[in-house]
Amino acid sequence: MTDYEIVIGLEVHLQLKTKSKVFCGCSTAFGAPPNTHVCPVCLGFPGSLPVLNRDALKLGAKTAIALNCRVEEEIKFDRKNYFYPDLPKAYQISQFSQPLSRHGYLQILFDGKEKRIGITRVHLEEDTGKLFHTQDASLIDFNRSGTPLLEIVSEPDMSSPEEAYLYLTALKSILEYIDVSDCNMEEGSLRCDANVSVRKKGVKELGVKTEIKNMNSFKAVKAALEYEAERQIETIGSGGKITQETRLFDSARGVTEPMRSKEESHDYRYFPEPDLTPFDFAKNILEDVKNEMPELPGPKRKRFMSNYGLSDYDAAVLVSDKAMADYFEKCASLYRNSKIIANWIMGDISAYMKEHGLTIDRLNLKSEYLTGMLDMIDKGVISGKIAKSLLIDSIQTGKDPILLVKEKGLEQITDAGQIDQAVDQVIKENQKIVGDFISGKQNAVMALVGKVMTKTKGKANPRKVIEMLKKRLKGEA
Ligand code: ADP
Ligand code: ZN
Ligand code: MG
């Protein structure tokens with residue numbers, strides 16, 4: 001196993017978030033009754049002519065810039081010819097020789113180290129219709145036919161399924177920042193074909209690859225690659241050969257199985273699309289788009305580290321989700337200790353969101369509620385322990401923690417008299433632990449602190465409790 005290295009390259013198809021299709025005015029809305037968003041163009045009627053959607057080009061340009069690609073001055077479209085029932089024209093309008101852009105890269109963070117994964121090309125094309133197979137018929141829905149797709153092809157630069165997973169996560173994060181797609185693998189707005197080969201360590205040439213399809217989550221991509229790399233290594237190890245082919249991932253069984261032998265690009269007989277003339281991309285689209293680019297996750301991470309003194313790891317987690325990064329910054333403008341804010345967001349708040357399947361923009365917690373609560377901890381109004389349950393309470397009721405503390409009488413007990421009383425009782429009730437402490441077990445005091453905290457329902461100020469217990473046990477009070 002360790003004699004081999006794994007080589008992975010990914011092809012991602014992305015449905016762009018345009019209102020209308022790429023070559024006609026039909027709506028791209030998801031979930032409409034079958035064949036209601038169609039017209040002669042996207043049904044491939046003879047004589048109909050495509051008209052290029054400017055918004056699709058803009059979103060393509062945004063993506064290319066965000067992926068550090070060199071954007072071409074002039075772009076052109078080509079016909080990719082093949083027959084399949086979901087492709088009414090028997091060719092797909094795509095880009096072959098002059099795509100939107102090439103030679104980009106994406107940065108991933110692996111084991112705390114940055115690694116660049118090359119982007120070979122980003123090009124624009126149209127989606128096909130969708131087939132449904134029933135017992136005795138196959139049905140076609142052409143609503144999806146002509147939806148703009150961006151194909152993002154990576155270099156074979158990933159050397160483990162884990163890196164492929166990180167690449168997809170980083171890519172999705174960028175795509176969400178620039179708001180070009182819903183990036184939903186389950187609804188099919190993001191689809192990924194994973195190419196993998198293996199080779200003996202030290203060998204220069206790439207091994208024969210297989211292409212895996214049919215994964216519906218990033219985890220499934222990782223699992224499929226793990227299985228497939230292992231299969232290839234075993235096959236070669238036992239004297240067999242890998243055939244270049246397309247394989248399907250069966251997520252229920254966790255295996256890949258052959259689907260068809262892989263076609264080569266010359267099989268498609270690409271030729272220039274005569275109904276769309278070459279387009280001066282740089283002049284017409286690029287300048288607009290450059291001004292609309294938001295701050296991307298990479299630069300934002302660096303800024304979070306220098307502005308807020310966060311660690312690389314904390315900054316990376318916070319910026320991975322734009323809404324979370326925005327939330328953090330709002331809180332940081334209201335409360336001075338950014339590290340504490342980060343801890344709460346990445347700790348208790350993230351745990352709650354995970355448990356309830358929520359994202360931060362759907363979480364019912366105003367930034368001023370979180371920071372108001374942190375202020376109360378600092379002022380000694382509540383203990384850190386109470387704060388944990390107060391946070392959940394505030395999320396669930398949508399009420400201001402300051403109000404909740406008043407309503408429920410959660411203020412920390414700093415009053416010496418009240419703590420005294422509880423300490424007294426605990427000492428009386430726990431003579432054995434007291435004995436342990438007197439005979440030298442310093443730690444026994446913590447057990448007693450715990451009991452006092454229980455007695456005061458977590459409201460006593462722990463520092464005061466320790467102070468008092470120690471005094472009392474040493475016979476000073
Ligand atoms: P194809 O013509 O089969 O589509 P491409 O050269 O267009 O192949 O590459 C498709 C994807 O496969 C790219 O993401 C590329 O990085 C990746 N790839 C190419 N060769 C290999 C290989 N030997 N092993 C792993 N991935 C590869
Ligand atoms: Zn149409
Ligand atoms: Mg290819």
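Counting starts at 1 for both ligands and their atoms, in listed order. Computed from a prediction, not measured in an experiment: that's the story for all the values here.
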Exercise. Is the shortest side-chain N to carboxylate O distance from Arg231 to Glu228 below 4.0 Å?
Worked result: yes
Problem set entry | Lys388 and Asp348 ion-paired at < 4.0 Å | yes
For this session: For Gly207, counting its heavy atoms only, list the atoms of ligand 1 lying under 4.0 Å from any of them.
Result: 23 (N)
Seminar exercise, completed: ligand 1 to Glu155, heavy atom cutoff 4.0 Å, flagged ligand atoms 16 (O)
For this session: State whether Cys39 contributes an N/O/S atom found under 2.8 Å from the Zn ion (ligand 2).
Result: yes
Exercise. Hey, is Lys58 close enough to Glu292 for a salt bridge, meaning N to O under 4.0 Å?
Worked result: yes
Exercise. Can His13 and Glu11 be counted as having a side-chain donor-acceptor contact under 3.5 angstrom?
Worked result: no
For this session: Compute the angle centred on the Zn ion (ligand 2) spanning SG of Cys24 and SG of Cys26, and express it rounded to 10 degrees.
Result: 110°
For this session: Using a strict 4.0 Å cut-off to heavy atoms of Ser154, name the atoms of ligand 1 that fall inside it.
Result: 13 (C), 14 (O), 15 (C), 16 (O)
For this session: Please state which part of Leu10 comes within less than 4.0 Å of ligand 1, counting heavy atoms only: side chain, backbone, both or neither.
Result: backbone
For this session: Give the atoms of ligand 1, by number and element, whose distance to some non-hydrogen atom of Pro156 is under 4.0 Å.
Result: 16 (O), 26 (N), 27 (C)
Problem set entry | Proximity of Val153 to ligand 1 by residue part, where a heavy atom lies under 4.0 Å | side chain
Seminar exercise, completed: ligand 1 atoms nearer than 4.0 angstrom to some heavy atom of Val7 are 24 (N), 25 (C)
Exercise. Any salt bridge between Asp127 and Arg144, counting N to O under 4.0 Å?
Worked result: yes
Exercise. With respect to atom 27 (C) of ligand 1, which of Gln244, Glu211, Arg121, Lys209 exhibits the smallest heavy-atom separation?
Worked result: Lys209
Exercise. How are the rings of Phe328 and Phe304 set to each other: parallel, tilted or perpendicular (split at 30° and 60°)?
Worked result: tilted
Exercise. Judged by modelled atom types alone, do Tyr177 and Glu295 share a side-chain donor-acceptor pair under 3.5 Å?
Worked result: no
